[in-house]
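Every value quoted in this text rests on a predicted model; they were computed, and no experiment measured them.
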Amino acid sequence: MLVNMRDLLADAQSGNYAVGSFSVANMEMVLGVLQAAEELNAPVILQIAEVRLKQSPLEIIGPLMVAAAENAKTPVAVHFDHGKTAEKITQALDLGFTSVMFDGSHLPLAENIRQTKAIAAFAEQYDAAVEAEIGCVGGSEDGSEDIAVNCTKPQDAVCFAEETGIDALAIAIGNAHGNYKSVPKLRFDILEECEKSVDIPLVLHGGTGISPEDFVKCAKTGIKKINIATATFDAVEKSVRNCYNGNRINGYYDLQEAEVSGAYENAKRHILIFGSDNKTEVF
């Protein structure tokens, strides 16, 4: 069932858990994530970032994601992640995405607020939820840059949320995109201050490599959406490689099954850690 991300995160706030937002690049990843969601009676978010559209064109992957959500047995939001341009954000909304993220984290605070407000006003015409980011999550979504972490200032988060009227706020607490070079040390002091001061759901990007214990602590401390991208891609690749190494692929459909299995196992593991299993009725 296709739903608005705003509703999923509101339920997560009241239930004190986090919803997994899984990046996908093809049909097999979509099928694997939804298989896990339906098996565990869990709400999920399917997402794709603007930087990934070179490999998975939005006009092709977008309708597939929306159709899959519409036919799912559990609530599924479809999210456009790390939107950089109004053109692609608009395209996602026109395709039926129920939430979009404008990433102005590289901009000065005042300009980030100004541009986010404009995107939020436009998305309101579609009744779509809007996510934005303040501070700077390390790395980059496609691994092409090594951006340094710039932790969110809680007082800026309060100002940003109040002035933009957005539905969810991604914050930087020592997290980074991609695979961590060392064990991440999350700034839970910043997270706790943001949770106390900001009313809207908080979002954690760069989830790959964070320990289960830290995930649980985040989910209990204001984080209601956790992005999982690199772990999904790595799990699919690993599943395919293991099947080839074990001589278990004897044609295309064995390859397809291996991709679905990798996405399924990854989503299932994270759903159980985030505590979103059995948080929805099966439709």
Side-chain angles (χ1 to χ4, degrees), residues 1-6 8 19-34 37 44-72 75-107 115-116 118-133 137 139-145 166-168 170 177-178 203 205-208 225 227-234 236-237 256 259-260 263 266-267:
M1 179 180 182
L2 178 65
V3 299
N4 195 300
M5 187 180 78
R6 185 185 303 121
L8 291 190
V19 179
S21 192
F22 298 95
S23 291
V24 294
N26 60 19
M27 181 182 72
E28 287 74 20
M29 292 184 190
V30 171
L31 292 175
V33 171
L34 295 188
V44 293
I45 301 165
L46 297 175
Q47 68 177 22
I48 187 166
E50 182 164 342
V51 73
R52 294 296 185 182
L53 300 183
K54 292 174 289 186
Q55 293 84 15
S56 304
L58 189 57
E59 61 271 18
I60 297 173
I61 190 73
L64 187 157
M65 293 166 67
V66 171
E70 289 174 337
N71 288 278
V76 181
V78 180
H79 177 68
F80 189 61
D81 193 38
H82 285 284
K84 298 286 189 179
T85 64
E87 175 192 2
K88 287 303 179 182
I89 290 173
T90 300
Q91 185 181 3
L93 291 168
D94 285 338
L95 288 171
F97 281 48
T98 58
S99 66
V100 294
M101 177 197 180
F102 171 67
D103 183 0
S105 59
H106 58 289
L107 300 170
Q115 292 194 32
T116 299
I119 293 295
F122 181 72
E124 188 176 5
Q125 300 174 41
Y126 297 80
D127 191 31
V130 175
E131 175 187 335
E133 183 176 317
V137 175
S140 65
E141 187 65 21
D142 63 348
S144 63
E145 298 179 84
I166 55 172
D167 301 283
H177 295 110
V203 180
H205 288 226
T208 297
K225 172 177 179 278
N227 286 17
I228 301 295
T230 302
T232 302
F233 304 137
D234 287 352
V236 170
E237 190 275 334
Q256 183 188 46
E259 290 189 50
V260 172
N266 177 71

Item to complete: Sequence neighbours left out, what passes salt bridge (charged side-chain N to carboxylate O under 4.0 Å, His left out) with Glu70? Give chain and number order.
Response: none
Practice prompt. Compare all side-chain heavy atoms of Ile48 with those of Ser56 and state whether any distance is below 4.5 angstrom.
Written response: yes
Worksheet item: Donor-acceptor pair, Glu50 side chain versus Thr85 backbone, under 3.5 Å?
Response: yes
Worksheet item: What are the two closest non-hydrogen atoms of Val19 and Leu8, and how far apart are they?
Response: CG2-O, 4.1 Å
Worksheet item: Is the shortest heavy-atom distance from the side chain of Leu58 to the side chain of Phe80 under 4.5 Å?
Response: yes
Practice prompt. Tell me, please, which residues at least two apart from Lys84 pass salt bridge (charged side-chain N to carboxylate O under 4.0 Å, His left out).
Written response: Asp103
Worksheet item: Is there side-chain contact between Met29 and Phe22, with at least one heavy-atom pair below 4.5 Å?
Response: no
Could you list the donor-acceptor pairs under 3.5 angstrom formed by side chains in residues 118-126, with sequence neighbours left out?
from	atom 1	to	atom 2	distance (Å)
Tyr126	OH	Asp94	OD1	2.6

Item to complete: Determine the minimum heavy-atom distance between Pro63 and Ile60, stating which atoms define it.
Response: CD-O, 3.5 Å
Response to the item:
Taken in chain and number order and not counting sequence neighbours, the residues that satisfy side chain to side chain contact (heavy atoms under 4.5 Å, CB included) with Ala129 are Asn4, Met5, Arg6, Ser99, Asp167
Worksheet item: Can you name the residues that form a side chain to side chain contact (heavy atoms under 4.5 Å, CB included) with Gln55, not counting sequence neighbours?
Response: Arg52
Discussion item. A side-chain contact here means heavy atoms from C-beta on lying under 4.5 Å apart; do Met101 and Gln47 qualify?
Written reply: no
Discussion item. Is there a side-chain contact between Ser23 and Asn227 in this structure, where contact means two heavy atoms from C-beta onward sitting under 4.5 Å apart?
Written reply: no
Fill in: Close side-chain approach of Val100 to Val130, heavy-atom, < 4.5 Å
yes
Worksheet entry | Counterpart residues, side chain to side chain contact (heavy atoms under 4.5 Å, CB included), relative to Thr98 (two or more places apart) | Leu2, Ala77
Discussion item. Quick check: closest heavy atoms across Ile45 and Ser21, and the distance to 0.1 Å?
Written reply: CG2-OG, 3.2 Å
Worksheet item: Given side chains that start at C-beta, do those of Asp81 and His205 come closer than 4.5 Å, heavy atoms only?
Response: yes
Discussion item. Can you confirm whether Glu28 sits close enough to Leu31 that some side-chain heavy atom of one is under 4.5 Å from a side-chain heavy atom of the other?
Written reply: no
